[in-house]
Amino acid sequence: MEPKPAVCPDCETGSETEFDRRDFLKSVGTTAAVAATTGLPVWATAEATAAPTKTSAAETAVKGLYETLTDDQRKVVCFDWDYKEKERGLLRTFVSNNWHITKPRITDGKGFYTKKQQTIIHDIFQGIINPDWYGKFLKQLKDDTGGKEWGIDQSIAIFGKPGSEQFEFVMTGRHMTIRADGNTEAHVAFGGPIFYGHAASGFNEKVHHPGNVFFPQAVMANKVYQMLEPPQQKKALLEKLPVESAVEFRGSKAKFPGIAVAELANEQKKELQKVLMALVEPYRKEDQEEALECLQRQGGLDKCSLAFYREGDIGNDGEWDNWRLEGPSFVWYFRGYPHVHVWVNVADDASVKLNAQG
């Protein structure tokens with residue numbers, strides 16, 4: 001049974017905002033229902049839209065949330081588009097493995113947000129992720145916050161004015177950075193760099209990462225490694241882990257770590273394509289499609305390299321816990337030791353700058 005979100009199911013509805021939560025949930029639920037009856041993943045059951053828009057479900061909810069915020073609330077969680085901090089720089093683009101973009105937590109009992117606002121924020125969260133992954137994300141957040149329900153240890157911020165030409169919603173916490181920008185942030189997928197992770201069996205996870213909702217992605221990547229011929233494996237397997245947050249773009253002229261995907265046989269490439277689809281699967285259809293489109297504009301998987309790392313092999317069993325898929329403006333670094341951290345940076349232009357710490 002999926003854990004229930006820590007929001008009030010009977011929160012008041014009325015004239016606070018024109019945003020209709022029921023319409024939002026209906027749009028999410030219809031897609032999930034179609035997926036369940038066709039046997040297809042959620043993203044494959046609707047017409048392609050290439051990227052989120054200002055009227056996508058999550059972005060519509062962001063606008064609805066903004067309209068309910070008081071002036072005092074906006075002073076704390078709303079910022080100009082180009083707002084900068086001394087330590088974290090351009091705040092809307094910052095990403096880290098465990099951080100809070102603002103101080104108020106969504107549902108920590110201190111009353112910063114009304115019950116209705118908490119519910120709308122939860123709806124935004126649901127709108128950004130694949131409905132099939134809703135329960136998995138709730139499990140991850142609960143595991144990684146000492147058993148706290150969704151919202152108790154997560155925070156949000158809004159940049160710009162929702163519905164305008166430039167705005168972005170960001171939600172953060174331990175092992176989470178997600179965004180909704182209606183594609184108003186030029187060139188980037190997911191609204192900017194994102195982060196996900198899980199420490200399902202403790203800070204130092206056990207062999208095979210039992211209970212980790214994201215480790216199946218690594219299992220699939222290891223299947224590709226096992227398909228490689230010995231000379232290919234030698235190219236793909238490196239000794240030392242890179243700096244964790246070093247996921248900046250290096251452009252088309254760079255030499256990427258590991259084996260070039262262009263050197264793989266067709267069957268090996270097909271298996272890697274399955275890995276790619278598993279990587280984007282946790283997020284909403286529009287973000288999946290935008291990420292894949294960004295990759296395609298940079299030459300597709302054939303312009304990427306795949307690397308595995310011997311360092312950090314939990315149990316020394318040859319199941320590589322750490323691996324990386326990288327291209328000119330595509331970096332997906334799965335750091336599985338001592339527990340899962342995944343850094344994601346995807347754009348269609350390698351000149352986009354990274355703002356990360358971790």
Side-chain angles (χ1 to χ4, degrees), residues 85 87-103 105-106 125 128-129 133 136-148 150-157 168-180 188-206 209 211-218 221 240-249 279-280 282-283 287 291 307 309 311-312 314 320-326 330-347 352-358:
E85 288 185 346
E87 296 297 326
R88 298 187 290 193
L90 186 61
L91 187 58
R92 66 178 164 79
T93 67
F94 186 79
V95 65
S96 190
N97 58 300
N98 184 4
W99 70 297
H100 288 283
I101 195 163
T102 54
K103 290 183 178 180
R105 307 302 191 256
I106 301 165
F125 164 70
I128 295 172
I129 63 175
W133 273 77
K136 296 177 184 179
F137 273 109
L138 291 187
K139 170 179 164 52
Q140 174 263 305
L141 291 171
K142 190 171 184 178
D143 288 347
D144 290 343
T145 57
K148 297 175 183 177
W150 177 92
I152 294 176
D153 203 19
Q154 286 79 47
S155 58
I156 69 159
E168 182 159 338
F169 169 93
V170 185
M171 180 182 292
T172 64
R174 187 182 182 208
H175 295 162
M176 173 173 281
T177 298
I178 55 176
R179 308 172 186 274
V188 300
F190 302 109
I194 60 173
F195 183 95
Y196 61 93
H198 195 187
S201 56
F203 186 88
N204 295 294
E205 286 201 291
K206 300 174 183 177
H209 302 256
N212 193 299
V213 300
F214 299 117
F215 196 69
Q217 295 177 340
K240 296 293 184 180
L241 292 172
V243 174
E244 180 174 340
S245 59
V247 292
E248 65 276 2
F249 300 140
L279 294 179
V280 299
Y283 300 97
D287 282 331
Y309 300 92
E311 182 183 6
I314 298 174
W320 309 121
D321 302 88
N322 306 278
W323 53 282
R324 182 181 181 109
L325 184 62
E326 181 173 1
F330 181 99
V331 185
W332 213 293
Y333 177 35
F334 193 106
R335 191 224 70 175
Y337 171 83
H339 58 264
V340 172
H341 280 186
V342 186
W343 300 78
V344 181
N345 192 19
V346 179
V352 175
K353 301 299 182 183
L354 178 69
N355 182 18
Q357 291 178 16

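In terms of heavy atoms, D144 sits closest to G197 at OD2-O, 3.6 Å. Closest heavy-atom contact between I314 and Y337: CG1-CD1, 3.7 Å. Contact detail for Y333 and E244: the closest heavy-atom pair is CD2-O, 3.5 Å. Across all non-hydrogen atoms, the minimal contact from D153 to R105 is OD1-NE, 3.2 Å. Across L141 and W150, no two heavy atoms sit closer than the pair CD1-CD1, 3.6 Å. Scanning both residues, F137 and P282, for their nearest heavy atoms gives CE1-O, 3.6 Å.
Panel note: side chain H198, backbone F214; no donor-acceptor pair is recorded below 3.5 Å. A donor-acceptor contact shorter than 3.5 Å is absent between the side chain of R92 and the backbone of A157. Looking at E311, its side chain does come within 3.5 Å of a backbone N or O of L241 through a donor-acceptor pair. Side-chain atoms of N355 come within 3.5 Å of backbone atoms of L90 as a donor-acceptor pair (strictly under, hydrogens ignored).
Judged by distance alone, the side chains of S155 and T172 do bring a donor and an acceptor atom under 3.5 Å apart. With no hydrogens or angles considered, no side-chain donor-acceptor pair links N212 and H339 at under 3.5 Å.
Distance check, rounded to the nearest 0.5 Å: CD1 of I101 to OG1 of T177 gives 8.0 Å. How far OG of S245 is from CH2 of W343: 5.0 Å, rounded to the nearest 0.5 Å. To the nearest 0.5 Å, atom CZ of residue R335 and atom OH of residue Y309 are 13.5 Å apart. Atom CG of N97 sits about 8.5 Å away from atom CZ of R174, to the nearest 0.5 Å. Between the CZ atom in F195 and the CH2 atom in W99 there is a gap of 12.0 Å [rounded to 0.5 Å]. With values rounded to the nearest 0.5 angstrom, D321 atom CG is found 8.5 Å from F334 atom CZ.
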Yes or no on side chain to side chain contact (heavy atoms under 4.5 Å, CB included) for T93 and K353, after CA distance, side-chain angles and deciding distance? CA-CA 9 Å; T93 67; K353 301 299 182 183; over 6 Å; no
Derivation and outcome, side chain to side chain contact (heavy atoms under 4.5 Å, CB included), residues I156 and F125: CA-CA 10 Å; I156 69 159; F125 164 70; over 6 Å; no
Report the C-alpha separation of H175 and H341 in whole Å, then their side-chain angles, then the decisive distance to 0.1 Å, and conclude whether the ring pair (Phe, Tyr, Trp, His ring centres under 6.0 Å) test is met. CA-CA 7 Å; H175 295 162; H341 280 186; 4.9 Å; yes
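In this structure, Q154 and I178 have side chains that are not in contact, with every pair of non-hydrogen atoms separated by 4.5 Å or more. In this structure, I106 and M171 have side chains that are in contact, with non-hydrogen atoms separated by less than 4.5 Å. Within the 4.5 Å cutoff, no side-chain heavy atoms of F249 are placed close to those of L354. At a threshold of 4.5 Å between non-hydrogen side-chain atoms, the residues I129 and K136 do not count as touching. Between V346 and W332, the closest side-chain pair of non-hydrogen atoms falls below 4.5 Å.
The 12-atom threshold is not exceeded at CD of E87, counting heavy atoms of other residues, nucleotides or ligands nearer than 6.0 Å.
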